[in-house]
Visitor: 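This structure is in structure tokens; I'll ask about it shortly.
Labels below follow one simple rule: chain letters A, B, ... track the order of the sequence lines, proteins then strands, and each chain is numbered from 1.
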Amino acid sequence: MIAELEALRGKVATLGLSAFLGAVPAGTTPPAAYYLIELASGARPDDLPLSDATSAWDLAVRVKSVGITPEQVIIYLDAARMLLVPLGRVAALTVTGRGVTLVFERHEADYLDRDVTPHRYVSLDTFALSSVPDGTEDGS
Amino acid sequence: MAFVDDHEIRAFAVDLRSAPQRVVDKIPAVIKKGAVEIKKQMVEEMGASFWFKGAKRSISFDILDGGFTAEIGPVSEPGQVTGDLASVAYFGGSRGGGTVPDPVGALNADAPRMEKALADLLGGVL
């Protein structure tokens, strides 16, 4: 599961902003604008069970953009959505040995995090991430 | 983790609109009852959070689309503090992680009751 999430994180990072998996690392001062790739369940990616190469699974994941203005986070999230699902809703994600599909589910919210200084705006989407081993009916 | 695929729901809603008027007239009450139950669970879940219980007041619902749609959740426009707090509770802050159960759980919890209520309505005309 980590490989798929890392692939998602890496793809988002090609947009030129930092992209973190799960959370901003403790002790790190984050940049002014960045992305977070999170599990919708609230679990930390490091706590996910290790899946063997033959298992198929799906997860709800969130792509979150963080920035200093509401316009900025919306623009950055739009850019991530266009990159991840350029045809609108469904796209493949390249992971060695797996057939990985990413489906845009919905835009969740835009809001202000007042617990940090300076305050940061947040905008996030939920995607369904499905992974099957190559060579299976649904795999590539 | 549960997923909400609302395409079938939307298709079902279109089907419902083509039902006899006496059935159509009863659908908004079913939708509103569902909205009340979902809001109730969301308020309970938010209220159970030590950090975010103050945000439960921001959870409400609007009935839209002539009673065929309910939009349930916290007021979340930027600048409205309690709504922003609820969003942080569900989706986490700028550094990660939410701690209050995803509202989709409340939706899924009520779905069987709502499906049965709608099926019962339609069953009366079949």
Visitor: Linking I/L/V/M/F/W/Y whenever their side-chain heavy atoms sit closer than 4.5 Å, directly or via other members, would A:L84 and A:V103 fall into one cluster?
Guide: no

Visitor: Starting at CG of A:D113, measure out to CZ of B:F91 and round the result to the nearest 0.5 Å.
Guide: 14.0 Å

Visitor: Taking atom NZ of A:K11 as the centre, does the number of heavy atoms from other residues, nucleotides or ligands within less than 6.0 Å exceed 12?
Guide: yes

Visitor: Which of residues 28-36 of chain A get closer than 4.5 angstrom to chain B, counting heavy atoms alone?
Guide: A:T28, A:T29, A:P30, A:Y34, A:L36

Visitor: Can you get from A:V116 to A:Y121 by hopping between Ile, Leu, Val, Met, Phe, Trp and Tyr side chains that sit under 4.5 Å apart?
Guide: no

Visitor: For the atom pair CD (A:E108) and CG (B:D102), what is the distance rounded to the nearest 0.5 Å?
Guide: 6.5 Å

Visitor: Decide whether A:V90 and A:F127 are clustered together by the hydrophobic rule: side chain heavy atoms of Ile, Leu, Val, Met, Phe, Trp, Tyr closer than 4.5 Å, transitively.
Guide: no

Visitor: For B:E71, does the CD atom have more than 12 heavy-atom neighbours from other residues, nucleotides or ligands under 6.0 Å away?
Guide: no

Visitor: Answer with yes or no whether the hydrophobic clustering places B:L107 together with B:V36; edges join I, L, V, M, F, W, Y residues whose side-chain heavy atoms lie under 4.5 Å apart.
Guide: yes

Visitor: If hydrophobic clusters are built from ILVMFWY residues whose side chains come within less than 4.5 Å, do B:M42 and B:L64 share one?
Guide: no

Visitor: Roughly how far, to the nearest 0.5 Å, is the CD1 atom of A:I68 from the OG atom of B:S94?
Guide: 12.5 Å

Visitor: Flag the one option from A:K64, A:H119, A:R120 with the top tally of heavy-atom pairs under 4.5 Å to chain B.
Guide: A:K64

Visitor: Do you know which of A:V66, A:V24, A:V122 makes side chain to side chain contact (heavy atoms under 4.5 Å, CB included) with B:R95?
Guide: A:V24

Visitor: Which atom pair, heavy atoms only, marks the closest approach of B:V88 to A:L112?
Guide: CG2-O, 4.4 Å

